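The block underneath contains the structure these notes are about, expressed in structure tokens.
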Amino acid sequence: MDDLRDPPVDFNTLLLRLYRLAQELPIQYFQDAVLAQIKQVLPFDSSVWGTATATSRGIDIHTVHLHQTSREMLLAYEPLKHLDSAAATVFDKRHVTRVFHTDSWFDGPETRALRDFLHRFGHENIFVAADSNPRTRFVHWVSLFRADKEAHCTEEERLLLAQLTPHVMQALAFNRVVHLGHLEAADKALSPHGCAIADMRGVVYHSDPQFNALVLAEWSDWTGQALPAPLMETALLGVDRFMGRGVVLRVYVEHGLLFLKARARCLADQLNVREWTIARRIAKGESHKEIAQALNRSPATVRNQIQAIYEKLEVGSIARLIEALRWAE
């Protein structure tokens, strides 16, 4: 592998590196690594990369990655965002890349507070590249900031960022799907799971056909744009499993995103907590007497519970029991 710190030879080399990073890097390191690559051809000092919904009061952030800047900056921006006329010119168009010079763009007395904020955090010259959905007003954007007032953004640089941005956003999507694949690799070999990625507001960034089919079977009016409300309520409560009438969904929270897997309900979902405990011990080869001793239950009680488990799972051997349990993992 060549040294990723070396400047890319050309535009194509840079793109190849972005997609390679998407395959190789863990999700928590990917965005910083991509920004480091961009910095080699388009110098900047800090960056904000995220998703949001554009509102009349400014952007409502869904996810955000901060590069060489602090959470304090976001907190300071929140009460001033309604003054950000630069953002307003970007977040209502499908594909746009613009540049701004703080003192030139925000030169009026009504924007003094925002101008002071931008000076404070070194946002003297700004690149913004965004991909918006005009109908939903949902936007994926990258902002690059230069702290030097004289380091103006050139038209050549703007065009370069415009060319890079679709690849940067696609590489991020690939990286998330690769991460989801790592989470689901073992399960895929056992049963047909569907997979999806959403943010903490429920906006769906990726879903495969199996996930879509399972969720539609549970919620026939689902549009695919946002997770169903009952599922989001479960996720926001910190519960990692949702059990519906015909579907079971597991939720993993990673890097500010929801990674989901869905499967159809199976016979093992009928087991209660005690039965699951016993069933797992049976699968490990423990006898009913060993299980009774470990759980401080009478052997007769455990024997009856084992019989109930076999009946619920509709199996007659340990091998079939193990197979039935795997479908519910």
Side-chain angles (χ1 to χ4, degrees), residues 4 7-25 27 29-54 59-69 74 84 86-102 105 123-146 151-179 197 199 203-206 255-257:
L4 293 177
V9 175
D10 55 27
F11 186 78
N12 289 335
T13 300
L14 176 56
L15 296 187
L16 290 172
R17 288 186 175 184
L18 296 183
Y19 288 114
R20 190 183 73 197
L21 290 172
Q23 295 287 330
E24 295 178 354
L25 285 186
I27 189 172
Y29 302 124
F30 174 71
Q31 286 173 278
D32 279 331
V34 168
L35 291 167
Q37 290 292 300
I38 295 174
K39 195 176 295 186
Q40 294 177 19
V41 297
L42 185 62
F44 62 92
D45 298 296
S46 61
S47 173
V48 178
W49 180 354
T51 58
T53 300
I59 63 169
D60 182 13
I61 293 175
H62 290 221
T63 67
V64 66
H65 178 81
L66 303 176
H67 177 80
Q68 300 297 315
T69 191
L74 278 186
D84 194 350
T89 69
V90 171
F91 294 153
D92 62 351
K93 298 177 175 62
R94 184 164 290 280
H95 305 290
V96 64
T97 303
R98 297 200 63 181
V99 298
F100 304 93
H101 179 249
T102 292
W105 186 269
H123 299 177
E124 301 294 350
N125 288 283
I126 307 167
F127 294 92
V128 183
D131 185 356
S132 305
N133 184 325
R135 185 174 60 82
T136 63
R137 308 209 74 191
F138 182 76
V139 59
H140 183 182
W141 96 97
V142 179
S143 296
L144 309 177
F145 307 107
R146 288 175 173 169
H152 295 275
C153 308
T154 68
E155 176 62 9
E156 182 181 16
E157 290 174 324
R158 187 193 70 80
L159 292 173
L160 174 60
L161 183 59
Q163 289 180 296
L164 275 174
T165 301
H167 296 281
V168 167
M169 293 179 176
Q170 187 62 62
L172 177 60
F174 284 162
N175 180 253
R176 289 169 171 173
V177 172
V178 167
H179 181 72
I197 303 170
D199 63 31
V203 175
V204 176
Y205 295 174
H206 163 81
H255 203 59
L257 293 168

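Everything numeric here is computed off the predicted structure, so don't read it as measured data.
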Point to revise | Arg20 CZ to Arg17 CZ distance, which is reported to the nearest 0.5 Å | key: 6.5 Å
Check your understanding: Is it true that the side chains of His140 and Asp131 contain a donor and an acceptor less than 3.5 Å apart?
Key -> no
**Study point:** Sole candidate of Thr97, Ile38, Leu42 that passes side chain to side chain contact (heavy atoms under 4.5 Å, CB included) when paired with Phe127
**Key:** Leu42
Exercise for review: Look up atom OG1 in Thr102 and atom CH2 in Trp105, then write down how far apart they are to the nearest 0.5 Å.
Suggested key: 11.5 Å
Review point. Is the Phe138-His62 ring centre distance short of 6.0 angstrom?
Key: yes
Check your understanding: If you measure from CG on Asp84 to CZ on Phe100, what distance do you get to the nearest 0.5 Å?
Key -> 8.0 Å
Exercise for review: Assess whether atom CD of Glu156 is packed by more than 12 heavy atoms of other residues, nucleotides or ligands within 6.0 Å.
Suggested key: no
Review point. CZ of Arg158 to CD of Gln163: how many Å apart, nearest 0.5 Å?
Key: 10.0 Å
Exercise for review: On the 0 to 90° scale, with breaks at 30° and 60°, tag the His167-Phe11 ring pair as parallel, tilted or perpendicular.
Suggested key: perpendicular
Review point. What's the shortest heavy-atom distance between Val34 and Val168, and which atoms?
Key: CG1-CG1, 4.1 Å
Review point. Can you tell if the side chain of Leu66 reaches within under 4.5 Å of the side chain of Val48, non-hydrogen atoms only?
Key: yes
Review point. Quick one: CD1 on Ile59 to CZ on Arg137, what's the gap to the nearest 0.5 Å?
Key: 11.5 Å
**Study point:** Shortest non-hydrogen contact between Ala22 and Asn175, atoms and distance
**Key:** O-ND2, 3.1 Å
Exercise for review: Evaluate the side-chain proximity of Cys153 to Ile126: yes if any heavy-atom separation is below 4.5 Å, no if none is.
Suggested key: no
Check your understanding: Is it true that a side-chain atom of Thr51 and a backbone atom of Thr63 form a donor plus acceptor pair closer than 3.5 Å?
Key -> yes
Exercise for review: Apply side-chain contact (heavy atoms from CB on, under 4.5 Å) to the pair His67 and Gln31, showing each step before the final yes or no.
Suggested key: CA-CA 9 Å; His67 177 80; Gln31 286 173 278; over 6 Å; no
Review point. How long is the gap from CG on Leu14 to CG on Leu18, to the nearest 0.5 Å?
Key: 4.5 Å
Practice item. Kindly determine whether Leu164 and Leu15 satisfy side-chain contact (heavy atoms from CB on, under 4.5 Å), including the steps that lead there. Key: CA-CA 8 Å; Leu164 275 174; Leu15 296 187; 3.9 Å; yes
Check your understanding: Is the closest side-chain heavy-atom distance between Thr154 and Val99 below 4.5 Å?
Key -> no
Exercise for review: Could you label the plane-to-plane angle of the His65 and His255 rings as parallel, tilted or perpendicular, counting under 30° as parallel and over 60° as perpendicular?
Suggested key: tilted
Review point. Of the non-hydrogen atoms in Tyr205 and Asp199, which two are nearest, and what is the gap between them?
Key: OH-OD2, 2.6 Å
**Study point:** Arg146 side chain vs Pro43 backbone, donor-acceptor pair below 3.5 Å
**Key:** yes
Exercise for review: Go through the steps to decide whether Phe30 and His179 satisfy the test ring-ring contact (aromatic ring centres under 6.0 Å, His included), and finish with yes or no.
Suggested key: CA-CA 11 Å; Phe30 174 71; His179 181 72; over 10 Å; no
Practice item. Mark yes when over 12 heavy atoms from residues, nucleotides or ligands other than Tyr29 sit less than 6.0 Å from its OH; otherwise mark no. Key: no
Review point. Yes or no on side-chain contact (heavy atoms from CB on, under 4.5 Å) for Gln68 and Asp45, after CA distance, side-chain angles and deciding distance?
Key: CA-CA 7 Å; Gln68 300 297 315; Asp45 298 296; over 6 Å; no
Review point. Do Leu74 and Ile61 come within less than 4.5 Å of each other through their side chains, counting heavy atoms only?
Key: yes
Point to revise | Nearest atoms (heavy-atom pairs only) where Ser143 meets Ser47 | key: O-OG, 2.9 Å
Review point. Nearest heavy-atom pair of Val90 and Val96: which atoms, and what distance?
Key: O-CG1, 3.3 Å
Review point. Could you go step by step and tell me if Leu172 and Trp49 meet the side-chain contact (heavy atoms from CB on, under 4.5 Å) rule?
Key: CA-CA 11 Å; Leu172 177 60; Trp49 180 354; 3.8 Å; yes
